[in-house]
Amino acid sequence: NAGVTQTPKFRVLKTGQSMTLLCAQDMNHEYMYWYRQDPGMGLRLIHYSVGEGTTAKGEVPDGYNVSRLKKQNFLLGLESAAPSQTSVYFCASSYHGPGLAGGNEQFFGPGTRLTVL
Amino acid sequence: KQEVTQIPAALSVPEGENLVLNCSFTDSAIYNLQWFRQDPGKGLTSLLLIQSSQREQTSGRLNASLDKSSGRSTLYIAASQPGDSATYLCAVRYTGNQFYFGTGTSLTVIP
């Protein structure tokens, strides 16, 4: 199993450009998450999804959009990139089911380092 | 906003020493708590997950405890090794679907 994978690994954008980050998981997890990690701020949740076709806002959703058309994929879009969106972006997924077995444990991808000039 | 605090921000110990990392949270009504390690430039690796009904979890040289009433979790690392050098993060989940992360403790184990 590949686990959680992210594409691309690195990207440099100019202010105003758009891009889409792709997250894929092969663990059949229902829940998927997008975080950003900034120095001194910890990880902050951008958007998340509790199943195919669903999305919800996290702590810092402004400037981002997401889509979950397939269970295994979760896309994060930046329509008009700003320098404040320079960050490392992590995708995660988790299983949610009855009982304690593996419940809610998050698995992370390797991250995408984005620089907006 | 839920607050998760990890103190100290950095810790340096000689190889072989036992050590404790701390995680504090403001709201005791947690659903579960997860400990991760992050190596420089890498993603997060899950270490231990503690459900709200549990008091501790163990994996090899690692032991995590949870005290909801005091709003604390500790990660105990026995017989530290240079390979344990990394940043350790805790994340708290409440009854919603969001996890709240601390800013981490950067651990250096000196050979």
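Below, chain A is the first sequence line, B the second, and so on; all start at residue 1.
Panel note: side chain A/T112, backbone A/K9; no donor-acceptor pair is recorded below 3.5 Å. For A/D26 (side chain) and A/G3 (main-chain N/O), a donor-acceptor pair under 3.5 Å exists by modelled atom type. Between the A/E105 side chain and the B/L49 main chain, no donor and acceptor come within less than 3.5 Å of each other. Side-chain atoms of B/Q51 do not come within 3.5 Å of backbone N or O of B/S53 as any donor-acceptor pair.
Two residues are said to be in side-chain contact when any heavy atoms from C-beta on lie closer than 4.5 Å; A/P110 and B/K42 fail this criterion. Counting heavy atoms from C-beta on, the side chains of B/Y76 and B/R61 never come closer than 4.5 Å. Proximity of B/L44 to A/F107: side-chain heavy atoms (C-beta onward) are nowhere separated by under 4.5 Å. Within the 4.5 Å cutoff, the side chain of B/S65 has no heavy atoms near those of the B/R55 side chain. Within the 4.5 Å cutoff, side-chain heavy atoms of B/W35 are placed close to those of B/C23. With contacts defined as side-chain heavy-atom distances shorter than 4.5 Å, the pair A/V116/A/T15 qualifies. Two residues are said to be in side-chain contact when any heavy atoms from C-beta on lie closer than 4.5 Å; B/C90 and B/Q6 meet this criterion.
At a 4.5 Å heavy-atom cutoff, the contact between A/K57 and chain B is made by backbone atoms alone. For a residue to count as touching a neighbouring chain, one of its non-hydrogen atoms must lie under 4.5 Å from one of that chain's; by this rule B/Q38 touches chain A with the side chain only. With a 4.5 angstrom heavy-atom cutoff, B/L89 touches chain A only via side-chain atoms. Contact of A/L43 with chain B is made through backbone and side chain together, with heavy-atom distances under 4.5 Å.
Taking the six-membered ring where the residue is Trp, the centroids of B/F36 and A/F108 are separated by under 6.0 Å.
Below 4.5 Å, heavy atoms of chain B meet heavy atoms from A/Y33, A/Y35, A/Q37, A/G40, all part of residues 33-40 of chain A. Scanning residues 9-19 of chain B against chain A with a 4.5 Å non-hydrogen threshold yields no residues. Heavy-atom neighbours of chain B within the stretch residues 60-88 of chain A, taken at a separation under 4.5 angstrom, are nonexistent. Residues of residues 103-111 of chain B having a heavy atom under 4.5 Å from any heavy atom of chain A, listed by number: B/T103.
Here the straight-line distance linking atom CG of B/L33 with atom OH of B/Y100 works out to 14.0 Å at 0.5 Å rounding.
With no hydrogens or angles considered, a side-chain donor-acceptor pair links B/T58 and B/N63 at under 3.5 Å.
Cluster annotation: A/L45 is not connected to B/V4 through the hydrophobic network of ILVMFWY side chains, with a link wherever side-chain heavy atoms come within less than 4.5 Å.
Applying the 6.0 Å contact sphere to CZ of A/R44 captures more than 12 heavy atoms from other residues, nucleotides or ligands.
Across all non-hydrogen atoms, the minimal contact from A/C91 to A/M32 is SG-CE, 4.0 Å.
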